[in-house]
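Worksheet: one structure, shown below.
In what follows, every chain begins at residue 1, and chains take the letters A, B, ... in the order their sequences are listed.
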Amino acid sequence: MPELPEVQTIVDDLNKRIVGRKVAGVWYDWPKTIKKPKATDLEKEIRGLKIEEIKRRGKNILIYLSKGVDKSAYLLLIHLKMTGHLLYGNWQMKNNKPVFPGKGFLSEKVNSYIHLIFYLDNGLELALSDLRKFAKVIFGPAEEIEKLGELHKIGPEPLNQSFKVGKFISLISPQRRKIKQVLMDPKVIAGIGNIYSDEILWQAKIHPLRSANSLKPEELEKIYKSIRQILEKALKLRGTSVSDFRDPLGKPGLYGKKLLAYRRGGEPCLRCGVKMKRLKMGGRSSCYCSRCQILK
DNA sequence: GGAGTTGTTCCGCC
DNA sequence: AGGCGGAACAACTC
């Protein structure tokens with residue numbers, strides 16, 4: 001579920017909390033999550049390294065670590081996919097499973113799906129919780145990890161200053177696919193998934209099935225503005241917790257209350273009152289208003 | 001029991 | 001060639 005605003009929220013939190021910590025150990029119970037190195041080698045390769053900085057690229061969380069001199073010598077890449085959460089706190093093992101001991105913010109379901117833990121040198125832990133076990137973790141020399149397709153074959157960051165409307169148009173207008181699919185393609189533009197693409201197209205009044213190459217410059221401009229506005233607002237509200245998103249301290253994001261289109265099929269359009277529609281694309285559903293978002 | 005659920009890649013069909 | 005649907009990853013909710 002996490003898209004750009006959720007992942008950025010996590011990255012901002014981690015930068016406040018775990019920079020300067022050293023990795024003291026690793027625990028896991030689902031080796032398939034660890035793509036590189038071999039799961040059995042992760043602990044001996046990462047133990048003792050110091051966390052220097054956390055960045056984001058698309059929906060990837062990038063944790064840079066060092067042995068001291070080169071501050072970005074090693075990279076731990078984490079992609080949360082559909083149901084992953086990164087949680088920072090203090091767990092105890094019960095029946096061979098990590099359990100958060102407190103009654104407060106993490107006493108919910110999220111912590112019962114923890115499959116990987118990084119123990120830190122301050123006694124706290126960074127834990128990966130993942131109900132559906134799609135999340136992945138890759139660790140190695142930064143130079144090597146940065147060359148992988150995960151980071152290399154990814155489109156521009158929509159919130160970067162350098163991402164101007166002209167760049168957006170040149171990227172989108174040659175595409176022959178439906179605009180909804182193009183917006184969700186990480187190779188075209190980074191960080192947008194099913195939730196925000198529905199919100200963006202509703203705000204821009206563009207039908208999700210419009211071919212990208214049929215869009216006029218003024219329509220593309222509206223989409224561009226909606227992308228910036230919606231992602232920025234969602235980021236301010238610390239993301240959307242429509243199913244289960246939690247920040248590293250287990251708190252939900254607040255943008256869920258602001259959603260105007262996502263999952264609103266059958267409900268009245270909040271602009272014109274007409275009943276919203278829902279359609280399927282590539283196994284994913286998209287909600288839109290058939291009056292506001294006309295298919296030409 | 002069946003359909004639907006957030007991300008991404010890949011495969012086979014047109 | 002390239003768009004598209006479906007599968008795969010896995011496990012839950014409605």
Side-chain angles (χ1 to χ4, degrees), chain A residues 1-10 28-36 39 56-61 77-86 97 108-116 128-138 148-155 158 172-201 208-214 230-231 234 238-247 252-253 255-256 258-259 261-267 277-287:
Chain A
M1 136 151 219
E3 302 180 30
L4 188 154
E6 292 78 30
V7 177
Q8 188 65 51
T9 297
I10 293 167
Y28 61 86
D29 70 351
W30 191 257
K32 284 167 86 174
T33 303
I34 303 165
K35 305 294 179 189
K36 214 183 251 274
R56 178 189 61 75
R57 181 72 177 94
K59 298 168 191 163
N60 297 284
I61 297 163
L77 179 154
I78 301 172
H79 197 304
L80 299 172
K81 293 288 179 87
M82 312 274 255
T83 54
H85 298 76
L86 264 190
K97 287 290 292 176
E108 11 189 338
K109 261 191 322 192
V110 168
N111 89 44
S112 62
Y113 299 109
I114 291 172
H115 295 296
L116 172 62
L128 175 66
S129 157
D130 187 20
L131 183 153
R132 285 172 78 179
K133 298 175 177 165
F134 291 173
K136 66 177 175 188
V137 165
I138 306 176
L148 298 176
E150 277 78 5
L151 297 179
H152 210 239
K153 293 194 278 186
I154 190 165
I172 302 298
S173 57
Q175 297 275 343
R176 306 155 88 103
R177 290 178 287 163
K178 320 288 183 208
I179 184 60
K180 164 91 175 169
Q181 287 177 314
V182 174
L183 290 179
M184 285 202 297
D185 185 345
K187 293 192 174 71
V188 177
I189 180 169
I192 301 173
N194 203 25
I195 296 174
Y196 293 109
S197 57
D198 267 9
E199 296 300 307
I200 289 161
L201 291 172
L209 294 182
R210 287 284 301 281
S211 293
N213 63 359
S214 78
I230 287 171
L231 294 183
R238 302 178 60 77
T240 299
S241 295
V242 74
S243 69
D244 233 346
F245 169 70
R246 292 294 183 275
D247 72 21
Y255 195 76
K258 307 282 181 187
L259 292 174
Y262 177 69
R263 278 198 178 175
R264 295 200 68 253
E267 293 172 49
K277 300 215 165 165
R278 187 167 77 103
L279 59 80
K280 295 279 284 180
M281 294 180 76
R284 210 130 264 134
S285 67
S286 171
C287 296

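- Here the P atom of nucleotide dA8(C) and the CE atom of Met82(A) are 15 Å apart, to the nearest Å.
- Between the side chain of Glu150(A) and the backbone N or O of Asn60(A) there is no donor-acceptor pair closer than 3.5 Å.
- In this structure, CD1 in Ile138(A) is found 7.5 Å from NZ in Lys36(A), a value given to the nearest 0.5 Å.
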Starting from the C-alpha separation in whole Å, work towards a yes-or-no answer on side chain to side chain contact (heavy atoms under 4.5 Å, CB included) for Thr240(A) and Glu6(A). CA-CA 7 Å; Thr240(A) 299; Glu6(A) 292 78 30; 3.5 Å; yes
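- At the phosphate of dC4(C), OP1 or OP2 sits under 4.0 Å from a side-chain N or O atom of Lys178(A).
- Lys277(A) places no side-chain N or O within donor-acceptor distance of the main-chain N or O of Ser286(A), the cut-off being under 3.5 Å.
- Taking every heavy atom of both residues into account, Ser285(A) and Arg278(A) meet most closely at CB-NH1, 3.5 Å.
- Nearest to the side-chain atoms of Lys32(A) among the listed nucleotides dC12(C), dT5(B), dC9(C) stands dC9(C).
- In this structure, Leu131(A) places its CG atom 17 Å from P of dC9(C), rounding to the nearest Å.
- Across the protein-nucleic acid pair, Glu3(A) atom CD and dG7(B) atom C1' stand 9 Å apart, rounded to whole Å.
- Looking at Glu3(A), Arg284(A), Lys180(A) one by one, the single match for side chain to side chain donor-acceptor pair (under 3.5 Å) with Asn194(A) turns out to be Lys180(A).
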Are any protein N/O atoms closer than 3.5 Å to N/O atoms in nucleotides 8-10 of chain B? If there are, list each pair with its distance.
{"unit_1": "dT8(B)", "atom_1": "OP1", "unit_2": "His79(A)", "atom_2": "NE2", "d": "2.9"}
{"unit_1": "dT8(B)", "atom_1": "OP2", "unit_2": "Lys59(A)", "atom_2": "NZ", "d": "2.7"}
{"unit_1": "dT9(B)", "atom_1": "OP2", "unit_2": "Lys187(A)", "atom_2": "NZ", "d": "3.1"}

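- Distance check, rounded to the nearest 0.5 Å: CG of Asp185(A) to CD1 of Ile192(A) gives 10.5 Å.
- Stem regions annotated for DNA chain B: B:2-5 with C:11-14, B:7-14 with C:2-9, counting only runs of 3 or more consecutive pairs of Watson-Crick or G-U type with both contacts under 3.5 Å.
- With both ends at atom C1', the span from dT8(B) to dA1(C) equals 22 Å, rounded to whole Å.
- For the pair His115(A) NE2 and dC12(C) C1', the computed distance is 12 Å after rounding to whole Å.
- Contact annotation: Lys280(A) does not reach the phosphate of dG6(C) (side-chain N/O to OP1 or OP2, under 4.0 Å).
- Atom CZ of Phe134(A) and atom C1' of dA11(C) are 8 Å apart (whole Å).
- The phosphate of dT5(B) (OP1 or OP2) has a side-chain N or O of Ser285(A) nearer than 4.0 angstrom.
- Within the 3.5 Å criterion, the main-chain N or O of Ala261(A) finds no donor-acceptor partner in the side chain of Asp198(A).
- Taking 4.0 angstrom as the limit, Gln181(A) places none of its side-chain polar atoms (N or O) nearer than this to OP1 or OP2 of dG3(C).
- Within 4.0 Å of Tyr196(A), counting heavy atoms only, lies no atom of the nucleic acid at all.
- Here NE2 of His85(A) is found 10.5 Å from CD1 of Ile114(A). Values are rounded to the nearest 0.5 Å.
- Between the NZ atom of Lys180(A) and the C1' atom of dG5(C) there is a distance of 16 Å, given to the nearest Å.
- In this entry the distance linking CE of Met281(A) with C1' of dG3(C) reads 11 Å, nearest Å.
- What separates CG of Leu116(A) from P of dA10(C) is a distance of 16 Å, to the nearest Å.
- Rounded to a whole angstrom, the distance from the P atom of dG5(C) to that of dG4(B) is 15 Å.
- Nearer to the 5' terminus of DNA chain C, by closest-nucleotide assignment, is the contact made by Arg177(A) (compared with the other of Lys133(A) and Arg177(A)).
- Phosphate proximity of dT5(B) to Arg278(A): present, with a side-chain N or O under 4.0 Å from OP1 or OP2.
- Here the closest heavy-atom approach between residue Asp130(A) and residue Gly84(A) is recorded as OD1-N, 3.4 Å.
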